[in-house]
Amino acid sequence: MNWLATLNESQLQAVIHPGGPLFVVAGAGTGKTRTLTAKIAYLIMQGVKPGRILAVTFTNKAAREMKERVIDMTGPHAMDVWLYTFHAFGLQILRRHIAELPYGYKASFTVIDEDDGKKIVSDVIKDLGFDSKMFSVKALKSLISLFKSNRMEEFERSDEEKIYKGYQTYLRENQLIDFDDLLIYTLELLTDYKEIRVLYQHRFDHVLVDEFQDTDVIQYKILKILGEVHKNLFVVGDPDQSIYGFRGANYNNSKLFLKDFNAQEVVLDKNYRSTNLILNAANKLIANNFNRPSEKNLQSDLGQGEPIVYNKEQSDYQETFYVVNQINQLIRKGYQYDDIAILYRNNALSRLFEDALIKDGIPYIIYGGISFYQRREIKDALAYIRVANDHSQDFYLKRIVNVPKRSIGLVSVRKLEDTARHLGISMFDAIDFVILRGQAKESLLKFKQIILDLKEAFDEMEDLYQLMPVLMSKTGYMDMLKLEDSESSEDRMDNLKELQSVFTRGDVYYEGTFYEKLNQQLDQIALYSDLDQDVTEDNHVKLATYHQVKGLEFKIVFMVVLEEGIFPNDRALMSTYELEEERRVAYVGITRAKERLYMTYAERRMVYGQTKMGYPSRFLKESRLNTDVPKEHVTYAKESHLLKTGDHVDHQVFGRGVVVSVDQDIATIAFAMPYGIKNLLESHPAIKKVKK
DNA sequence: CGTAGACACTTTTTT
DNA sequence: AGTGTCTACG
């Protein structure tokens, strides 16, 4: 148990707390995960059966890491700890008990993602004969979500309510469940069904919660019920890092928990991440928020550190240039690209910086974007698998019935759907009965045969890795991609290969028959997000929104585009509540930095195609320390002429090249294809001059 | 059925 | 400015 000795006093106090409700207020970088895992390990050491401990997190990644750490600390029997995301926990409950609910769900229901949900909303709008221009699918989906999870009393318009009902009916008729339902139905089972409630209230002796500040109303109610009997709720969170209010996180849950459970509080404010000038700025900034349930002042033993660098540029373009220049200097000082993150308020801002980094040949990765399982080809493949697995999955059948193209158009699909509805059978079964002209009918019958062939092939399989090759050839999907022969079709083939390796790994993880393994794998995929993968292997500068890096840390952080209207965002200026959330986002940003923090903005910027004036974000002033020396704008016109026309160079990323021209400190260099001509800073560390 | 051009939108998004 | 979605036409 020597890991107990590695804890500081407040961490230890939390870990050995004898039970009963406890709120651990864990500031940024104060060893939150360490405390939580130590607590689980401690409970196990104290003789609590691992299977009687439930710990909930928000991301799969957090759940997985925590489980690995607990196993490291206490041995393999820690496998039995129920360590899940909220949604995965809900899924566990629903797979066992959903048939009790009066909605006609079977244990084999399918979990749909956000995009599928939007597609259904959009189909319902069309089905009801409404003018699709009158509705925003995105807005409606979010209204439906608000209503379902009790965050909105009623719909303002009766047609909105009709769409909601249509959506809900569609889900139920097709055995589909969305992310909201995973939590809502779980709560419903725990609330309305006494035996189920009692079962789970007594199934766990301890319930632990990570990132408590991000829980919403439904999640809180679930926790409240689970903890009602034994009261052993160990809750870790930082109200100052609550930045998902827009998504339903209820800032008041912290106060509610303290009150409802009369919980004790332990504050962790010893920081192990950042130097103190950085922490002071964070402390100063967040002190501007009035609504703070537990105040704390972060301090570390890491010394004063480097002063924060504030920088103003004349234009958005110059701001990117400044950042690129600083990055190059940092690399010369011995930092790795991997140590550096460029953080911004919204995804659209990534583009400018991306362009500048490309121009300079700096390797980078952008967080976010389309996640792997949202890619078209992946969703297509999964849809095929689902339909072959269960022919009555109309929603997924619609997706792939004409992919690859089989001349089954919208009209034919609509007719098939109507026929199915009329006869009260699935679309798949309706293929035999639908009345269509020769070509369409023939294509449908061919499609039906493909699905039947697939099913037959599946029945013969023992392992998941056998699945993809058969799928790709029988459906004609691979032929389609090969025929297309474009850059994007190559990407798509790569992604499908990646899916193949997902299944191959599934063979190791899961046990049982082919179908048992397949269903577990599909469940895992349904709750997967891209944040779950590790992206630390390569040496890259990271570009991300503040939201995307919550929980991460970097030696160097650039907080860019710190301009009023962008950060804080225009839409947040109207309400104190939202403004305080914006400030918490900035707080999260500052506290990501370990050694050096840069805060930059520009006076002129292109916004939606128009040049706008930029004013410094109030967060600059609010976080700025009196001791800071104001740093004036500096220009970077250097003329060192390290390279001249005709020189041969070797670049870390682009390989061999020849200098075409040199203008000031920018060299134009021709590299071999596929890289071509690049404009690079001649002093860039990735470039080496070589003798030909 | 497929696609060119009009037009509409643009905060953050752990599941 | 850039991108995704809808509509009208061949």
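Just so you know, these numbers come straight off a predicted model, no measurement behind them. Every heavy atom of this structure was used, including side-chain atoms; hydrogens, water molecules and symmetry mates were not. Quick note on labels: first sequence line is chain A, next is B, and so on, each numbered from 1.
- Distance NZ (A:Lys612) to P (B:dT10): 14 Å, rounded to an integer number of Å.
- Comparing A:Ile243 and A:Arg247 by the nucleotide of DNA chain B that holds the closest heavy atom to each, the one mapping nearer the 5' end is A:Ile243.
- In this structure, the ring of A:Tyr200 has its center less than 6.0 angstrom from the ring center of A:His97.
- When each of B:dT13, B:dT14, B:dT15 is scored by its nearest atom to the side-chain atoms of A:Phe58, the top-ranked nucleotide is B:dT14.
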Worksheet item: According to the Watson-Crick and G-U wobble definition with distances under 3.5 Å, which dot-bracket string, read 5' to 3', encodes DNA chain C, using [ ] for crossing pairs and | for pairs with another strand?
Response: ||||||||||
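- You'll find the ring centres of A:Tyr84 and A:Phe86 outside the 6.0 Å limit.
- Atom-to-atom, CG of A:Asp123 to P of C:dC6 comes out at 11 Å; the value is rounded to the nearest Å.
- Counting any heavy atom pair closer than 4.0 Å across all strands shown, A:Ile408 reaches sugar-phosphate atoms only and no base atom.
- When the nearest nucleotides of DNA chain B are assigned to A:Ser412 and A:Lys550 by heavy-atom distance, the more 5′-ward of the two goes with A:Ser412.
- Scanning atom types as modelled, no donor and acceptor separated by under 3.5 angstrom connect the side chain of A:Arg571 and the base of B:dT11.
- Contact annotation: A:Asn347 side-chain N/O to B:dT10 OP1/OP2 distance is not under 4.0 Å.
- Nucleic acid contact for A:Tyr244: base, since at least one base atom lies under 4.0 Å from a heavy atom of the residue.
- Stacking here means ring centres nearer than 5.5 Å and ring planes tilted less than 30 degrees, and by that measure A:Tyr546 does not stack onto B:dT12.
- For the OP1/OP2 pair of B:dT10 and a distance below 4.0 Å, the side-chain nitrogens and oxygens of A:Asn346 include no atom meeting the criterion.
- When the side-chain nitrogen and oxygen atoms of A:Thr545 are compared with OP1 and OP2 of B:dT11, none of them lie within a distance under 4.0 Å.
- A gap of 25 Å separates the C1' atoms of C:dC6 and B:dT11, to the nearest Å.
- Residue A:Ser136 is classed as having no contact, given no heavy-atom separation below 4.0 Å to the nucleic acid.
- The gap from the C1' atom of C:dT5 to that of B:dT12 amounts to 23 Å, rounded to the nearest Å.
- Among the protein residues, A:Asp214 comes within range of the nucleic acid bases, having at least one heavy atom under 4.0 Å from a base atom.
- Rounded to whole Å, the C1' atom of C:dT3 lies 26 Å from the corresponding atom of B:dT14.
- Ring-plane geometry between A:Phe212 and A:Phe257 is classed as tilted, the angle between the planes lying from 30 to 60 degrees on a 0 to 90 degree scale.
- With sequence neighbours excluded, no residue forms a ring pair (Phe, Tyr, Trp, His ring centres under 6.0 Å) with A:Tyr396.
- Ring centers of A:Tyr367 and A:His547: at least 6.0 Å apart, outside the cut-off.
- The only option from A:Lys398, A:Arg414, A:Arg399 that meets the salt bridge (Lys or Arg N to Asp or Glu O under 4.0 Å) definition with A:Asp123 turns out to be A:Lys398.
- For the pair A:Glu354 CD and C:dT3 C1', the interatomic distance rounds to 15 Å; values are reported in whole Å.
- One interatomic measurement links the two molecules: CZ of A:Arg351 to C1' of C:dG4, which rounds to 13 Å at whole-angstrom precision.
- Aromatic pair A:Tyr185/A:Tyr103: ring centres closer than 6.0 Å.
- Annotation for A:Lys224: atom NZ does not count as buried by contact number, only 12 or fewer foreign heavy atoms lying within 6.0 Å.
- Proximity note for A:Phe246 (side chain, C-beta onward) versus B:dT12, B:dG2, B:dT14: the nearest is B:dT12.
- Taking side-chain N and O atoms only, A:Gln548 has a distance below 4.0 Å to OP1 or OP2 of B:dT13.
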